[in-house]
Amino acid sequence: YTRVYDRLYAEYTVKDLGEVSLLLGLRIQRNLEAGTMHIDQTVYVEDLLEKFGMTDAATRDTPGDVNVKLSYDMCPTTPEDIEAMKAVPYRELVGGLIYLLMTRPDIASPVSEVSRYSANPGPEHWKAAKRILRYLSKTRSLGLTIGRGGSGDSQLLLSGYADASYADDVDERKSVTGYVFMLGNTPISYKTRRQTSVTHSSTEAELFAIDEAAREAMYLRSLLDDLGVSQTMSGTLIREDNQSCIALCKNPVHHEKTKHVAVRYFYIRGLIDLDMIAVEYCPTNDMVADIMTK
């Protein structure tokens, strides 16, 4: 630290303000005894609640309502309704929620869903976006805890979870991919997104998800290697809750499937053969990536 400061001081006019505690809306709390750092956006959440008049609003236990499926059918169609929704700061709220995804993977799926309708939102979409704020009001101090986990090399061992929600998109019946990668016990990469094409079965949807997770695993392995945290001691474990998908990955026998599907499971099989990744069954109740798909 001293060497870095001295070199900066030699080139620029700088001031040492001590350990960082608040940076661009991120609140940083250290626990030196436990060797951990907790990062949350509590201050940013409070500012967001105040900005949209939700400071004293009723809270919710979940960021989304499982009984409501958003769709394009809920978008306004008449000029009067469209004009009325223009007065609603929908895109502004969605943009604010997206910024929270740095430390809040638990809202990734509902934020992805409401952002889909930013071009022409309706009252139901606005209600869903505000529900996320109600949930954040109750869970404002949640965030990511980074630090020691496990013992020895397990502290720096990369592993992941991959999951898919089959045909969950009511507009186009596309499935949703979700994955989470952990370094030790710390989530360092997570994603939720609609798949680019319609799949014919839950197995195919899960195969698309694990293919995307495998490509992310290869990128993270390369990045960690550049940082001196080599993962060559073993293949990166990816946990999956679909047995048929795992069987395809480990033994891609002939199936009457389209070429793009075959490419995916042969790619994964090649990585398994090279001991770059490993695929293991994970019960649905223990599937961390499930939260990224619904």
Side-chain angles (χ1 to χ4, degrees), residues 64-75 105 108-117 119 124-125 128 159-181 189-219 235-274 276-294:
D65 187 345
V66 295
N67 297 313
V68 176
K69 288 286 187 182
L70 300 181
S71 71
Y72 287 114
D73 291 337
M74 297 174 177
C75 296
S109 180
V111 170
S112 174
E113 192 171 12
V114 297
S115 65
R116 195 178 309 159
Y117 305 99
E124 286 298 319
H125 304 131
S159 63
Y161 297 82
D163 196 22
S165 183
Y166 177 57
D168 207 38
D169 171 27
V170 297
D171 291 313
E172 301 178 31
R173 284 304 170 191
K174 292 179 179 177
S175 301
V176 178
T177 285
Y179 64 68
V180 177
F181 279 93
S189 176
Y190 39 86
K191 187 175 186 178
T192 177
R193 65 176 296 227
R194 277 194 309 172
Q195 295 179 358
T196 55
S197 58
V198 177
T199 53
H200 294 86
S201 66
S202 59
T203 297
E204 187 177 338
E206 297 282 356
L207 185 63
F208 276 43
I210 201 170
D211 170 75
E212 191 157 354
R215 285 182 278 138
E216 178 69 5
M218 295 305 296
Y219 163 72
T236 298
L237 178 63
I238 301 177
R239 299 171 181 87
E240 165 64 49
D241 64 0
N242 185 289
Q243 298 275 24
S244 299
C245 175
I246 294 173
L248 269 178
C249 292
K250 293 184 175 181
N251 183 29
V253 295
H254 175 69
H255 293 272
E256 291 187 5
K257 292 184 178 289
T258 57
K259 184 183 294 184
H260 73 285
V261 175
V263 167
R264 292 178 187 273
Y265 61 67
F266 277 109
Y267 169 71
I268 299 167
R269 176 62 187 175
L271 295 179
I272 293 174
D273 287 342
L274 293 171
M276 302 295 283
I277 69 166
V279 181
E280 179 183 274
Y281 175 70
C282 174
T284 301
N285 289 341
D286 299 327
M287 175 50 65
V288 175
D290 186 60
I291 197 174
M292 311 301 289
T293 64
K294 58 180 65 70

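Every value quoted in this text rests on a predicted model; they were computed, and no experiment measured them.
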Exactly one of I210, I238, L248 clears side-chain contact (heavy atoms from CB on, under 4.5 Å) with I268, and that residue is I210
Atom pair [atom1] ([X]) and [atom2] ([Y]), whose distance is rounded to the nearest 0.5 Å:
X: T236; Y: E216; atom1: OG1; atom2: CD; answer: 11.0 Å
X: C282; Y: N242; atom1: SG; atom2: CG; answer: 12.0 Å
X: E280; Y: D241; atom1: CD; atom2: CG; answer: 12.5 Å
X: R173; Y: T199; atom1: CZ; atom2: OG1; answer: 11.5 Å
X: E124; Y: D65; atom1: CD; atom2: CG; answer: 9.5 Å
X: S189; Y: Y179; atom1: OG; atom2: OH; answer: 4.5 Å

Determine yes or no for a side-chain-to-main-chain donor-acceptor pair under 3.5 angstrom, with [X] supplying the side chain and [Y] the backbone.
X: S112; Y: A108; result: no
X: H125; Y: R116; result: no
X: E206; Y: S202; result: no
X: S175; Y: A167; result: yes
X: S201; Y: E204; result: yes

Which atom names give the shortest non-hydrogen contact between [X] and [Y], and what distance separates them?
X: C249; Y: L207; value: SG-CD1, 4.0 Å
X: T293; Y: S165; value: O-CB, 3.5 Å
X: L70; Y: V170; value: O-CG2, 3.3 Å
X: A213; Y: F181; value: O-CZ, 3.1 Å
X: Q195; Y: A164; value: NE2-CB, 4.1 Å
X: T177; Y: F208; value: OG1-C, 4.5 Å

Quick check, are the ring centers of Y117 and Y72 under 6.0 angstrom apart? yes
Notebook entry, point to check: Would you say the side chain of T196 lies within less than 4.5 Å of the side chain of R193, judging by non-hydrogen atoms?
Noted result: yes
With sequence neighbours excluded, residues passing salt bridge (Lys or Arg N to Asp or Glu O under 4.0 Å) with [X]:
X: D286; result: none
X: R194; result: D169, E172
X: D290; result: K294

Requested in this report: Go through the steps to decide whether R239 and D163 satisfy the test salt bridge (charged side-chain N to carboxylate O under 4.0 Å, His left out), and finish with yes or no.
Outcome: CA-CA 9 Å; R239 299 171 181 87; D163 196 22; over 6 Å; no
Worksheet item: Side chains of T192 and S109: is there a donor and an acceptor less than 3.5 Å apart?
Response: no
task: Apply side chain to side chain contact (heavy atoms under 4.5 Å, CB included) to Y267 and R215, showing your working.
output: CA-CA 10 Å; Y267 169 71; R215 285 182 278 138; 3.6 Å; yes
Original post:
Given M218 and M276, is the side chain to side chain contact (heavy atoms under 4.5 Å, CB included) satisfied, shown in steps?
Top reply: CA-CA 8 Å; M218 295 305 296; M276 302 295 283; 3.3 Å; yes
